[in-house]
Amino acid sequence: RARHINSYGLPNARLDRLQGFVDYTPVQRSLSMTLCDSATFGISIGILQRMSTLFNGRVVYHRHWDIFFHDLRSTWVKTGSIGGLILLCDMVLITSELNNAATIASASLSGASMFIALYLHQKHPQWKLATGPDISQYVMSVEDYYQGLRPLSIILALPQTVSIYSALFFHIGLLLVVTDRIRQAQEAMWTLAAMSIGPGVLGPGAF
C-alpha cells in the first residue's frame, strides 16, 4: 500500500502519516468520504489524525493506543448517557402529547446513539486490545486499501454524531412545542377579547 500511495518509487517514499486523510493520488479522492467527514461535524477527522499519528510507519506503541481506546470508551459511555437523557426528555414530551415529527426523530436518533455506543464499546474491550500485536492486527484488519483508516474513524465517530443530531432535533421539537403553545395562548386571548368586547359593542338588545 505504501508503494501504491507513492506511485511506486516517488522521491521520499513513506507511508502516509494520515492514512488516507491526505489525497496522495487521484484514486484516493472520495466524495463520499468527504461528505461523511462533514456529516460528523469534523469529529471523524480528529479521530483519524490521532489514529494516524499513533500508527505512523506501522509502529505500534501499546501504551499510547491504550490511552486512545480508553478515551474512546469513556466518550462512548458519556455519549450513551447523554442519549439516554435526551430519550427520557423525548418520552416525557411524547407521553404528554406534546410530540411532533422532530421529537419522534430525536427519540429515534437518541436510541440509535445509545445502541451504537454500546455496540462499539462491546466490540473494543480492553482484553481484546491488550498487546501491541493485538492492536496492530486489529488496525490492519479494518484498514481500507485506498482510504486507510478514514472509514474506521467515521464509524468510531458515529455515536457522537448521532447524539448531536438527536439533540438538534430535540431542540427543534421543543421550539415547535413552545411556538404552538404561544400561538394557542394568543388565539385564546383574542377569543376572550372578542367575547368581552362583543356585547358592549352590540348592546344588550342585540341578544
Side-chain angles (χ1 to χ4, degrees), residues 19-21 30-52 54 65-130 134-135 138-139 141-144 147-185:
Q19 298 292 324
F21 180 62
S30 173
L31 179 60
S32 61
M33 291 292 102
T34 302
L35 292 176
C36 288
D37 286 331
S38 301
T40 61
F41 304 99
I43 299 173
S44 61
I45 295 177
I47 295 176
L48 174 61
Q49 290 175 333
R50 190 172 177 186
M51 283 194 300
S52 302
L54 291 173
W65 277 95
D66 190 51
I67 295 172
F68 170 71
F69 281 114
H70 176 74
D71 292 343
L72 275 181
R73 294 188 197 98
S74 299
T75 301
W76 293 334
V77 171
K78 293 175 184 177
T79 302
S81 302
I82 293 173
L85 180 61
I86 295 174
L87 180 60
L88 180 62
C89 295
D90 288 327
M91 295 306 298
V92 170
L93 292 177
I94 291 173
T95 54
S96 301
E97 297 184 353
L98 299 175
N99 60 301
N100 46 53
T103 305
I104 296 174
S106 174
S108 302
L109 290 172
S110 58
S113 69
M114 293 173 58
F115 175 79
I116 297 172
L118 178 61
Y119 175 77
L120 291 177
H121 193 279
Q122 294 296 321
K123 289 288 290 185
H124 299 84
Q126 188 173 3
W127 63 269
K128 279 188 177 181
L129 305 167
D134 292 338
I135 297 172
Y138 163 76
V139 173
S141 66
V142 297
E143 183 184 25
D144 184 79
Q147 298 297 331
L149 298 175
R150 200 173 181 184
L152 176 63
S153 67
I154 294 172
I155 293 174
L156 298 180
L158 278 178
Q160 294 169 271
T161 303
V162 178
S163 181
I164 291 173
Y165 281 112
S166 67
L168 289 176
F169 275 105
F170 171 74
H171 284 89
I172 293 173
L174 190 61
L175 180 61
L176 291 176
V177 169
V178 172
T179 303
D180 184 63
R181 288 295 179 178
I182 293 174
R183 181 183 58 80
Q184 291 179 2

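Just so you know, residue 1 is the first one in the sequence shown, and it goes up from there.
The two residues Ala102 and Leu176 have their closest heavy-atom pair at CB-CD1, 4.4 Å. Taking both residues in full, the closest heavy atoms of Gln122 and Pro125 are given as O-CD, 3.2 Å, listed atom of the first, atom of the second, then distance. Pairing each heavy atom of Leu120 with each of Ile155, the nearest pair is CD1-O, 3.6 Å. When every heavy atom of Ser110 is checked against every heavy atom of Asp90, the shortest pair comes out as OG-OD2, 4.0 Å. Between Val162 and Leu109, the shortest heavy-atom distance links the atoms CG1-O, 3.1 Å.
Residues Ile43 and Ile164 form a side-chain contact, since some pair of their non-hydrogen atoms from C-beta on lies under 4.5 Å apart. Phe170 places a side-chain heavy atom less than 4.5 Å from the side chain of Leu93. When side chains are defined from C-beta on, Gln160 does not count as touching Thr40, because their heavy atoms never get closer than 4.5 Å. With a 4.5 Å cut-off on side-chain heavy atoms, Met114 and Leu87 count as touching. For the pair Lys128/Tyr138, no side-chain contact is recorded, criterion being any heavy-atom separation below 4.5 Å from C-beta on. No side-chain heavy atom of Ile116 sits less than 4.5 Å from a side-chain heavy atom of Trp76.
Considering Leu175, Val177, Asp180, Ile172 as possible partners of Asn100, the one that fulfils the side-chain contact (heavy atoms from CB on, under 4.5 Å) test is Val177.
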* Asked: Thr34 and Arg150: side chain to side chain contact (heavy atoms under 4.5 Å, CB included), yes or no, with the steps?
  -> CA-CA 10 Å; Thr34 302; Arg150 200 173 181 184; 3.5 Å; yes
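Separating the CD atom in Gln49 from the OG atom in Ser44 is a distance of 9.5 Å, to the nearest 0.5 Å. For the atom pair Ser153 OG and Leu158 CG, the distance stands at 10.0 Å (nearest 0.5 Å). To the nearest 0.5 Å, the span separating CZ on Arg50 from CG on Leu156 amounts to 11.5 Å. Remark: Ser81 OG to Ile86 CD1 distance equals 11.0 Å, nearest 0.5 Å. Taking CG of Leu72 as the start and NE2 of His70 as the end, the distance is 10.5 Å to the nearest 0.5 Å. The OG atom of Ser96 lies 10.5 Å from the CE atom of Met91; values are rounded to the nearest 0.5 Å.
In this structure, Ser106 contributes its side chain and Ser166 its backbone to a donor-acceptor pair below 3.5 Å. Under a 3.5 Å cut-off, the side chain of Ser108 and the backbone N or O of Ile104 do form a donor-acceptor pair. In this structure, Ser163 contributes its side chain and Pro159 its backbone to no donor-acceptor pair below 3.5 Å.
Within a 6.0 Å radius of CZ in Phe41, more than 12 heavy atoms belonging to other residues, nucleotides or ligands are found.
In this structure, Trp65 and Phe68 have perpendicular ring planes: the angle between them is above 60°, well past the 30° mark.
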